[in-house]
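Heads up, the thing below is written out as structure tokens.
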Amino acid sequence: MSHWLPNRIMQTAALICVGACLLVFWLVLHQPWLGMTLAPQAEPSAVRIVAVDPDGPARLVPVPSRLVAIGSDNGSRIELVAGDLVEEPDTLQTYAMAAQFMQRQTLLANMLRDKRVTLHVESERGPLEVIVTPTRRPVTDLPSSFWVQFITGMGSLLLGAWVLALRPQDLPTRLFAVAGAMIMISAYGAAVYSSRELTIDGGLVRVLSALNHIGALGFGAAMIALFLLYPRPLVNPRLLLALPAITVAWLAIDILRLPEEQATGAQLPILTYMLVLVGAIGVQWFATRRDPRGRAALRWLGLSVIVGAGAFVVLIIAPILVNAAPVMQQGHAFGFFLLIYAGLALGVSRYRLFDLDEWAFRVMFYTGGVALLLTVDALLLYVMHLQHDVSFSIALLALAFIYLPARDSLRARLQPRSRVESHELFREVVDVTFAASAQERSGRWHGLLRRLFDPLVMTPFEPAVGDVEIGQEGLEVRLPAVADTPSLQLRYPWRGEKLFGSSDRDLARELVRLMRYVEVSRDAFERGGVEERRRIARDLHDDVGARLLSGLYKTEVTDTHRVLRDALADIRTIVSGLSADQLPLGQVIAALRHEGGERLAAAGIDLHWPLAAVDDSAKLLDYRIYRSIASAHREIVSNVIRHAQAKRVDVTVTQEDRMLSIRITDDGIGLDPANANGNAQGNGLRGIIRRLDDLGGSFAALPVARGSAFEIRIPLIADAVATGDANEPHIQGVSSHPARAYSEPADAAQRMYDRS
Amino acid sequence: MASTPTPLPRKRLGLIVEDQTDTRAWLVRTLGIAFDGIAISEAATFQAACDWIAAQPRAFADPDANAPRDIALIDIGLPDGNGIDLIRMLADGHPQILPIVTTIYDDDAHLFDAIAAGAKGYLLKDQHADTLVGYLHRIDAGEPPLSPSIAQRMLTHFAKRSVVDANVDAEAALTPRELDILRLLGRGLRVAEAARVLGLTPHTVAGYVKTVYRKLNISSRAEAAIEAMRRGLV
């Protein structure tokens, strides 16, 4: 069966169903018909005529009256008794009585098959003989009990097949489908003889009655087997083979009429099976005590089986066993079996019985369309006596105008839509993730979940889950920890009106995935912010702090002013790093040229810094690199202004490959040790040299004939040398390495400045 | 120190808008040194500055080019308001007063906005008093300073505008010569150096810079008007 598609199974079931329906109709409509509504009268035993069909053969018979006997043209006559109207022959006490009943039915049926019969009627005005010609029975004359059995049989078969179609591999669903077919056999058998007007061939009754019993006991056996396996397997499936063996044996005893009492052959096994069934469900109840999912499935299926089959047994079978009259018409009681299958449909939609999901309904809707088309078509053909092509067109129209809209609205109800459009989802998630505080984030997350699922209960859940999980057959869903909120359990969605389905799980998964993604991005962003703050803190401490401290010890106000201005210049560079982590090289050079020019001009020194190709370089420099260049340049200019007594400063900037070189020469007195006063500059220069060195650059004093010359060299892309220095945050791929020994020229310069 | 040569028909007025007391006192001293006999008012808050401006006679015509201009030194970050609004007020209704921004950083983002709002120059507050006096005189003479970063932002601003609405107001578009000067200043050259590169006198170059200031103000007003129209405010 593995290659059977769901729709193929459903189509087969529909075909079987149509065949069975046609057979039943043929049987009930081909019985001779008089057009009388008859009722049994107990004391004295008689058959009352309650009503006559105004268009039927017996329309001239007066009502109320009694049908005393039926006679034929050849003079034979059969007196009627109340027992001839028995609905179900197995309610008769003994098999002998049943046999006698069937015999009389055969005689009557043969008589009515003649062209004309004489009805011996006794009314208030006295005896009367009415000669009538029986015709075929119209569909409209069929009693309600027939229709109940007809629909029950059809519904059971199709719903059983539906479950089978969705999980054809599972033994429980197969058993459930068999049980449905059994109900159809049982109901259709009874439907034919119990809806007869007065008579039907006794041989046919015997066959149909046997079918009724086979169906009833077969249903019981299949259900017992089902509940021995589902929700939890209680016995080895092989042991279940005993059930059909017992059933066949008992049926043989019944059909061969071996006992005297019918109760022994017919009702006793049904009652026994019912008790066993209830027992099996009870054991299942115990077995599923730690399996809420199985328990939920059992609750629905078990309850509907006990209520459906139990009501039939209690109302119809049990009274017979104690020699009482059934409480209601058996035909109507068959409707209880439909309860079982209605319960099944509900169970599938609410608790995913047999693990069927919402998509199961799509299959049912599709098949429902086909079944409706055929049913409407058949009804129009038989009841309205329309031509086939006309009836089919009308059936198609009915399908298009009634069924399809109804199906869509039903499906919409069964498959709840989320209350937030998916394109809004991302915005919602971002709103949650970027809320200011953890508490607010958690609050917004709760709010979003409430809007999406509207659960009655939302509680933290331990242990935390890693992925979205649906539990308790859809009663609850568990979400992993996101948005500064622990793992959450949501129960009773949509104010308890519905359950979590697979679409909700998908939505929740998508939500969690988005949340995580946005949170990771936000964290990365925040990490960047933290690094930035650390960088600022370090620069403020190392540069500005050190300068201000040295300013504190200056005795000359002008010195203090100078220190403060230098500190402000440092802040300027630090601040420019705030607005952009990277600056174009051209912009850095422009700023240095401008600043140096202004400062030198104020000191009466000419700056000659010719335009060069590198001025237009758009190469982006990381903060640490341009900061080092700026500090080094600023320091050199300061020293020249203070100590060199120069008239002119020349600056050239060149770039070779990745190495930027800035050469600053002056025409002053050279670096006379007498002019290098104190540690302030020494400290400043030392820091600059270390910083350049860290970045793979260098600082050098060049030998010149007059004045002095310095060269700053720095690679524009710092070597990505990984270090273990945890205090040094990594910025834009720049890394540091432990300070190396100063390179020789830098060392020389250092010594020159350090001398005091 | 420089001093104004001719007797004045009336006293030159000065306004210092600065919330830091020491800085304000220092600015008052420096402004007093720069312009002899100037009558200086001080405002520590936005509101006080507003009141002072409101007390001044409104002038709608361009002021006499030879008459000495009143000077307002305005800090942008005030505790109760934005100095740029004061600059706009002065530029709109008091052309006889030169609004000058005082700032610590010459690449401050607000500096560009202040110039666009009509500031006629800016001063860096961490400079030497002597330097500051020199700048004040130059601004007064129509030679406003222009840092590389401001020059670069101006270039970007006008390049964007010429793409957006080249023919809306030719008045606000830069000439090739003005662009040349902006490019040189944007590379860090000072006015004298730019003049040397272009073979012009520093005075001429400074005049161009003044024109660029004016055009930025015009174009930003036009931009604001277009923006207002687009939003349906006008």
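Note that the structure is predicted; figures quoted are calculated from it, not measured. Each chain gets a letter, A, B and so on, in the order the sequences are listed, and its residues count up from 1.
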Practice prompt. Evaluate the side-chain proximity of I100(B) to Y135(B): yes if any heavy-atom separation is below 4.5 Å, no if none is.
Written response: no
Discussion item. Looking at every heavy atom in both P202(B) and V191(B), which two are closest together, and how far apart are they?
Written reply: O-CG1, 3.5 Å
Worksheet item: Any side-chain donor paired with an acceptor under 3.5 Å for R663(A) and T654(A)?
Response: no
Worksheet entry | Sidechain N-carboxylate O distance under 4.0 Å for D75(B), K125(B) | yes
Discussion item. Tell me if a side-chain donor or acceptor on D666(A) pairs with a main-chain N or O of G668(A) at a distance below 3.5 Å.
Written reply: yes
Practice prompt. Identify which part of E595(A) has an atom lying under 4.5 Å from any heavy atom of chain B, answering side chain, backbone, both or neither.
Written response: neither
Discussion item. Salt bridge or not between R24(B) and D22(B)? Use side-chain N to carboxylate O under 4.0 Å.
Written reply: no
Worksheet item: Considering heavy atoms only, which positions within residues 178-186 of chain B lie below 4.5 Å of chain A?
Response: L184(B), G186(B)
Worksheet item: Hey, does the side chain of E598(A) reach the backbone of L600(A) with a donor-acceptor pair shorter than 3.5 angstrom?
Response: no
Worksheet, complete the sentence: Of G586(A), G597(A), A590(A), the largest count of non-hydrogen pairs under 4.5 angstrom with chain B goes to A590(A)
Worksheet item: Are V563(A) and D559(A) close enough that some pair of their side-chain heavy atoms sits under 4.5 Å apart?
Response: no
Item to complete: Nearest 0.5 Å please: distance from the OH atom of Y122(B) over to the OG1 atom of T102(B).
Response: 13.0 Å
Practice prompt. Please answer whether the main-chain N or O of E556(A) pairs with a side-chain N or O of T560(A) as donor and acceptor at a distance below 3.5 Å.
Written response: yes
Worksheet, complete the sentence: Rounded to the nearest 0.5 angstrom, the CG-CG distance for L27(B) and L73(B) is 6.0 Å
Fill in: Heavy-atom contacts under 4.5 Å, residues 606-619 of chain A to chain B
L607(A), L611(A), D615(A), D616(A)
Worksheet item: Tell me, side chain or backbone of R190(B) under 4.5 Å from chain A's heavy atoms, or both, or neither?
Response: side chain
